[in-house]
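Predicted, not measured: the structure shown is a model, and the values here were computed from it. All values below were derived from every heavy atom in this structure, side-chain atoms included, with hydrogens, water molecules and symmetry-related copies excluded.
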Amino acid sequence: MLAALFLAVGMTAAMAIEPIKISRDDVALDLSKAVEIYRGQGENFQVSTAPGADGIVRRIEVEAQDSRSAGDWAVFALANTTDEQLDRLIVAPHFRLVGSGIIWPDLGSRRITAITPSEGFALDRQESSDADEFLVTLNPGTIVTFVAELASPNLPQIYLWDPAAYKDTVNSYTLFRGIVIGIAGLLALFLTVLFVVKGTSMFPATAALAWATLAYISIDFGFLNRIVEISPGSEQLWRAGTEVALAATLVVFLFAYLNLARWHNHFSYGMLAWVLVLLGIAGLALIDPAIAAGIARLSFAATAIVGLGLIIYLGIQGYDRAIMLVPSWLMVMVWLVGAWIAVTGTLENDVLQPAIGGGLILIVLLIGFTVMQHALSGGPLLQGLFSDMERQALAISGSGDFVWDWDVMRDRVITRPDVSRQLGLPANALHGPARSWLPFLHAEDRDTFRTTLDMVLEQRRGRIAQCFRLRGADGHYHWFSLRARPVVGSDGEVIRCVGTMVDVTEQKKAEERLLHDAVHDNLTGLPNRELFINRLDATIAMAGTERKIRPTVLVIDIDRFKYVNDELGISAGDTILLTIARRLHRLLKPGDSLSRVSGDQFAMMLISEQDPVHIASVADAVRQAIHTPITFARKEIVLTASIGLVSWTTAQTSAEEMLKDAELAMYQAKRFGGDRIEPFRPSFRSIGSDRLQMESDLRRAIERKELSLAYQPIVRLEDGTTAGFEALLRWEHPRRGLIPPADFIPIAESSGLIVQLGLFAMQKAAEDLYSWQKQLGELPLFVSVNLSSRQFIRRDLVGDVRSIIARSNIKPRCFRLELTESIVMDNPEQSAHVLDKLKQLGIGLSLDDFGTGYSSLSYLTRFPFDNIKIDKSFLNAPSSKGTILLKSLVAMAHDLGLSVVAEGVADQQDVEHLRAIGCEYAQSFYFGEPTDAETSLRLLLEQSTAAAI
């Protein structure tokens, strides 16, 4: 993860990496030789960037994202020499046969965990099972250095592609791979069928070689992981296993085809020992796949060379099998040379790997033809003795379909093979008159079946194309698809109907599952938003004609559910959502409906209740059901919900409008703090639009520089001088004027704009502090900036603060961050880690509103705060107990080594009281209202002049 540290250093260009210049005409660039590899650098890695457009070399520090990182990094730089923005794909293939090696081959793996640019955000990883792909956008004239965190020690190849060209290349290879895999699959299946028909030993050996080749091609072309789920760590195991299988089946084929056992039994022992060794190597692949694959490659080469010698020797002796195998084995030797050129890296070409795979299929195809030519020569298959009827019978038998034959003249239906057996019925239970099928047909299919047969007989033409259900012996129904055509006699009447019947039960079940999943939530099984709206529309249509139907819609949103996922994980969050769904479902009555409309939002349609009092009771029951503690992992989790409800009126014409009104009411409940039920009021529509408008204006305010900072003095009680300022964000709207922070800060929080606002506040405060110190000299002065929860959970926070301090050239001790107790206590362990890193920068940390939140003293001792701010409620407490509590808080803070800032000072009496109990600082309107930077500077100059006099 980028620690976001950029420091300009005076380094020469010779010490920095040389950028690769890119033009718009560059379609594909090989970056392999331009990448610098750094090994064993640890989890944090620093490197110099390429000189930027300004000629300055900078340093970039990157933090590893993978906890298992070995500290290996790759660095390269790209320069956009054009005047337009360029989009490119960085592609690192997982496996390359080219250059993979022989003895200890590189079997591929995930190459890159993440790529971090020297400017901008981390690159987006594209979905791909064959390569690590990252999309990068290069602005005109920019020079960007990229640091890649390596997931494996090797990075054999890395390319820079034009996205469109890469997509075309992948598509072209996909078509080629599909054709090759299709040929390999058909060949393996055909040889297996021949083995069943013709049981000689060479057929299973050839079929095994074909299947091993298919498995190798499927792994090499990335097809197998579309059928079988292959985890990223097991790809090498699969690849090594297929290479061992390929080497073993080649040995078995050579032995079986040449029938070496008839020459000497020692050949059998040698082959058996060879295969057993390869099987042992297959077991070794579980421990070290690379070693197993290397031995398999050597075995394949040895088999090819030894086989060539045997074929030459036996061919000279006149052995016909050896002579017939010569063309195939010459192809094997040519392929072996090509494979050696590829794996050793003698020739590097992207076309080489698919060519090797295609060549392997051609070899097996040629071997298959050779085996067929030898084993089936003179047989009936080549003599064409099968009639057309026999060929059709073989085709139907091979397809696994049932032949459906209805003899109309005798009114007798038979199936071949007997479909009754598949249904678990007695033999020939469905052989008889067509009406005998009716009791076994589903009630909904009987009329259609009967009408279809009658129409064929009446029209004397056409075809039967129907799907129906037949009941089995266990009471379950099986779906069948019937396709048949009538046979017309010389008198023009239908004498027969013949066709095929296919069991399509699994296909129908898949269609039903797809239909169900399309309108239901996958997690809870509840109707989704579309189905809920459909049902609500139907109910509204009935409400227009029936007085008793008056639907009410409740939209239920779980408050702060994001923190449940952050704390316990998404799987735990899903379990909790299931529990909530079951609880809500128990509250439903006949006619009511519950739906999950989004992540943590549910919608309920009430038809069973019309009385407003009863509807309110149901809504309260929903709130209580969610509020009931949920026990998970020995913890009790208490959740709350914001509920908006709206009842149907004649003014509402659509379900979308009604659901939208309920959602507006729910959002209003959230604005009021959550854990409440809010009925819809028409005024909410304008609130929603005002909020959207304000969010839009706030986005433009950042661009238009309508935001500024106001500084409220923090005073030393000892002498009344200004010790520092708290920076407060202000927004001067061009039409609305000054907008209070209470109005726009919540909008910024919910929309994510608070991160940009926070960065602006920190940078501006640091720049103003530097300006003041430059004019006042070494004045002990600090500026305090409030930190939001969104900023605090960002991993880039520490890097942002470090960068701001470096750019503004201020001393870290003069810069403070203020956090509230609720932010810190949301995740104490993570908070302690982040605060320690911030403290290491040398800045000050202040705990704001102490005493109003958790106030857990045991946690307070763990956090590296410098001071605490005591809420004004303690100072304004009317009783003596408040005074005692305030004095205790100050004493406790001093014992912990913390200074104290008191808020809410109203008069001089409060000042004297705070000074008496040892409070160091105070902040309130009594000492001055928040002012702009220039007014604050004048205040400091006046105090400096007064002190000098």
Side-chain angles (χ1 to χ4, degrees), residues 513 516-533 535-536 551-609 614-646 659 662-663 665-670 672-678 750 789 793 822 825-830 854:
R513 284 195 298 269
H516 179 275
D517 293 344
V519 293
H520 287 81
D521 176 51
N522 291 332
L523 175 64
T524 62
L526 295 174
N528 60 13
R529 186 185 185 96
E530 288 73 17
L531 182 55
F532 181 83
I533 290 175
R535 291 179 177 177
L536 184 57
T552 297
V553 174
L554 285 76
V555 172
I556 306 143
D557 185 88
I558 313 301
D559 296 328
R560 296 165 59 85
F561 190 76
K562 176 181 179 296
Y563 295 100
V564 174
N565 284 333
D566 292 342
E567 291 287 337
L568 302 179
I570 294 177
S571 59
D574 289 346
T575 303
I576 292 171
L577 284 175
L578 279 171
T579 303
I580 293 174
R582 285 194 292 266
R583 289 181 179 179
L584 296 179
H585 198 271
R586 295 190 195 105
L587 301 176
L588 299 179
K589 294 181 180 179
D592 299 340
S593 179
L594 178 67
S595 169
R596 184 186 178 203
V597 294
S598 65
D600 59 347
Q601 280 189 15
F602 296 86
M604 183 180 291
M605 179 175 62
L606 290 180
I607 302 177
S608 58
E609 301 292 351
H614 293 166
I615 293 173
S617 298
V618 173
D620 189 64
V622 169
R623 190 174 68 87
Q624 291 298 332
I626 296 174
H627 193 269
T628 302
I630 298 173
T631 302
F632 183 85
R634 299 181 181 179
K635 296 180 181 179
E636 280 198 349
I637 301 169
V638 179
L639 299 172
T640 61
S642 299
I643 303 173
L645 64 86
V646 61
L659 183 60
E663 287 175 338
M666 179 271 294
Y667 286 122
Q668 187 66 18
K670 276 197 171 295
F672 288 147
D675 193 19
R676 63 183 288 136
I677 302 166
E678 194 68 35
S750 62
S789 58
I793 63 176
S822 58
M825 296 304 295
D826 273 344
N827 189 339
E829 299 297 332
Q830 178 68 16
Y854 296 89

Tell me, with the steps shown, if Ile677 and Leu554 meet side chain to side chain contact (heavy atoms under 4.5 Å, CB included). CA-CA 9 Å; Ile677 302 166; Leu554 285 76; over 6 Å; no

Identify the two heavy atoms, one from Ile643 and one from Val622, that lie closest to each other, and give their separation to 0.1 Å. CD1-CG1, 3.9 Å

Any side-chain heavy-atom pair from Leu531 and Asn528 closer than 4.5 angstrom? yes

Taking only distance into account, with no hydrogens and no angle test, what donor-acceptor pairs under 3.5 Å do side-chain atoms of residues 599-608 form with protein atoms, sequence neighbours excluded?
from   : atom 1 : to     : atom 2 : distance (Å)
Gln601 : NE2    : Asp557 : OD1    : 3.1
Ser608 : OG     : Asp592 : OD1    : 3.2
Ser608 : OG     : Asp592 : OD2    : 2.8

Is any side-chain heavy atom of Leu587 less than 4.5 Å from a side-chain heavy atom of Val618? no

Of all heavy-atom pairs between Asp559 and Lys670, which one has the smallest distance, and what is that distance? OD1-NZ, 2.8 Å

Ile637 vs Thr631, test: side chain to side chain contact (heavy atoms under 4.5 Å, CB included). Steps then yes/no. CA-CA 6 Å; Ile637 301 169; Thr631 302; over 6 Å; no

Interatomic distance, CD1@Ile580 vs CG@Leu639, rounded to 0.5 Å, equals 5.0 Å

Under 3.5 Å donor-acceptor, Asn565 side chain and Leu568 backbone: no

Do the side-chain N and O atoms of Ser571 and Asp574 include a donor-acceptor pair separated by under 3.5 angstrom? no

Name all pairs fulfilling the salt bridge (charged side-chain N to carboxylate O under 4.0 Å, His left out) condition that reach into residues 575-590, sequence neighbours left out, sorted by first residue then second. Lys589-Glu609

Does His520, at its NE2 atom, have more than 12 non-hydrogen atoms belonging to other residues, nucleotides or ligands within less than 6.0 Å? yes

Measuring only between side-chain heavy atoms, which start at C-beta, is Phe632 closer than 4.5 Å to Thr579? no

Which atom of Ser595 lies closest to which atom of Pro527, heavy atoms considered: OG-O, 2.5 Å

Which pair of heavy atoms, one from Gly674 and one from Ser642, lies closest together, and at what distance? CA-OG, 3.2 Å

Do Leu578 and Leu523 come within less than 4.5 Å of each other through their side chains, counting heavy atoms only? yes

Nearest heavy-atom approach of Arg596 to Leu526 is N-CB, 4.1 Å

Determine, step by step, whether Thr524 and Asp521 satisfy the side chain to side chain contact (heavy atoms under 4.5 Å, CB included) criterion, reporting the C-alpha distance in whole Å, the side-chain angles of both residues, the deciding distance to 0.1 Å, and the verdict. CA-CA 6 Å; Thr524 62; Asp521 176 51; 2.7 Å; yes

So the side chain to side chain donor-acceptor pair (under 3.5 Å) pairs with at least one residue in residues 615-629 (sequence neighbours excluded) are Asp620-Arg623, Arg623-Asp675

Here the pair of heavy atoms bringing Val555 nearest to Ala662 is CG2-CB, 3.5 Å

Could you grab the distance from atom CG of Leu577 to atom OG1 of Thr575, nearest 0.5 Å is fine? 9.0 Å

Rounded distance [0.5 Å steps], CD in Gln668 versus CZ in Arg676: 8.5 Å

Carefully, step by step, assess Val553 and Leu659 under the rule side chain to side chain contact (heavy atoms under 4.5 Å, CB included). CA-CA 7 Å; Val553 174; Leu659 183 60; 4.1 Å; yes

